[in-house]
Undergrad: 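Got a structure here, written out as structure tokens. Questions coming.
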Amino acid sequence: KQEVTQIPAALSVPEGENLVLNCSFTDSAIYNLQWFRQDPGKGLTSLLLIQSSQREQTSGRLNASLDKSSGRSTLYIAASQPGDSATYLCAVPPAAGNKLTFGGGTRVLVKP
Amino acid sequence: DTEVTQTPKHLVMGMTNKKSLKCEQHMGHRAMYWYKQKAKKPPELMFVYSYEKLSINESVPSRFSPECPNSSLLNLHLHALQPEDSALYLCASSQGMETEQYFGPGTRLTVT
């Protein structure tokens with residue numbers, strides 16, 4: 001059974017600092033990995049999706065890496081801003097099927 | 001347009017009421033999902049529809065009844081709910097199996 005872990009559970013940084021968010025998974029037979037952002041009481045916003053054949057995916061200040069062999073993905077957010085404060089979740093579907101397994105999330109606070 | 005819409009935004013219902021949650025997408029996606037999310041927890045999958053047919057039911061109690069009238073619409077019918085069913089209910093859609101999921105803003109349900 002796939003297990004997805006995100007450490008730390010919470011993170012507080014001053015504005016301008018780079019954010020590094022970690023996601024680990026136990027079964028490397030994944031089809032892709034998706035990073036989401038969630039603001040309190042709101043739905044999930046898809047940030048990046050990395051296919052299992054990719055090592056990296058970039059969108060603006062966001063960069064996500066994927067190392068299937070070690071079961072890890074990292075989301076980097078450059079030059080953090082207070083508006084980046086949110087919970088960030090990673091999720092993986094199994095190689096067959098479309099059921100996402102989510103990590104517990106990392107709550108990020110960027111202080112002005 | 002990558003929008004998934006959900007109505008209502010908020011719903012308060014008694015344990016004897018019958019209500020429905022609605023979800024709509026116009027992206028031509030063929031897979032649609034219902035998730036339940038409790039406070040400070042990741043979303044939990046409830047149901048998956050693929051090509052308007054129920055493909056996954058995560059052993060959800062029968063007081064939750066999904067319906068997919070057409071490829072753009074997904075309903076969740078609620079009956080005789082319990083207070084512990086109070087949560088944020090999220091709808092999502094994707095092009096197909098193992099592709100990027102897009103989430104709606106959710107319906108905040110309170111059962112009294």
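Convention: sequence-line order gives letters A, B, ...; per-chain numbering from 1.
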Undergrad: Quick check on Glu44(B) against chain A: is it the side chain, the backbone, both or neither that has a heavy atom closer than 4.5 Å?
TA: neither
Undergrad: Any donor-acceptor pair under 3.5 Å linking the side chain of Gln37(B) with the backbone of Gly41(A)?
TA: no
Undergrad: Do the two ring centres, one from Tyr35(B) and one from Phe103(B), sit under 6.0 Å apart?
TA: yes
Undergrad: Between Leu44(A) and chain B, with a heavy-atom cut-off of 4.5 Å, which part of the residue counts as in contact: side chain, backbone, both or neither?
TA: both
Undergrad: Considering only heavy atoms and a distance below 4.5 Å, find which of Lys41(B), Arg108(B), Glu58(B), Lys40(B) pairs most often with chain A.
TA: Glu58(B)
Undergrad: Please classify the contact of Gln6(B) with chain A as side chain, backbone, both or neither, using a heavy-atom distance under 4.5 Å.
TA: neither
Undergrad: Against chain B, work out which of Asp39(A), Leu89(A), Leu49(A) has the most heavy-atom pairs shorter than 4.5 Å and name it.
TA: Leu49(A)
Undergrad: So do Leu11(A) and Val13(A) actually touch side chain to side chain, heavy atoms under 4.5 Å?
TA: yes
Undergrad: Does Thr26(A) use its side chain to pair, donor to acceptor, with the backbone of Glu3(A) at less than 3.5 Å?
TA: yes
Undergrad: Could you tell me if the side chain of Leu76(B) sits less than 4.5 Å from the side chain of Met46(B), heavy atoms only?
TA: yes
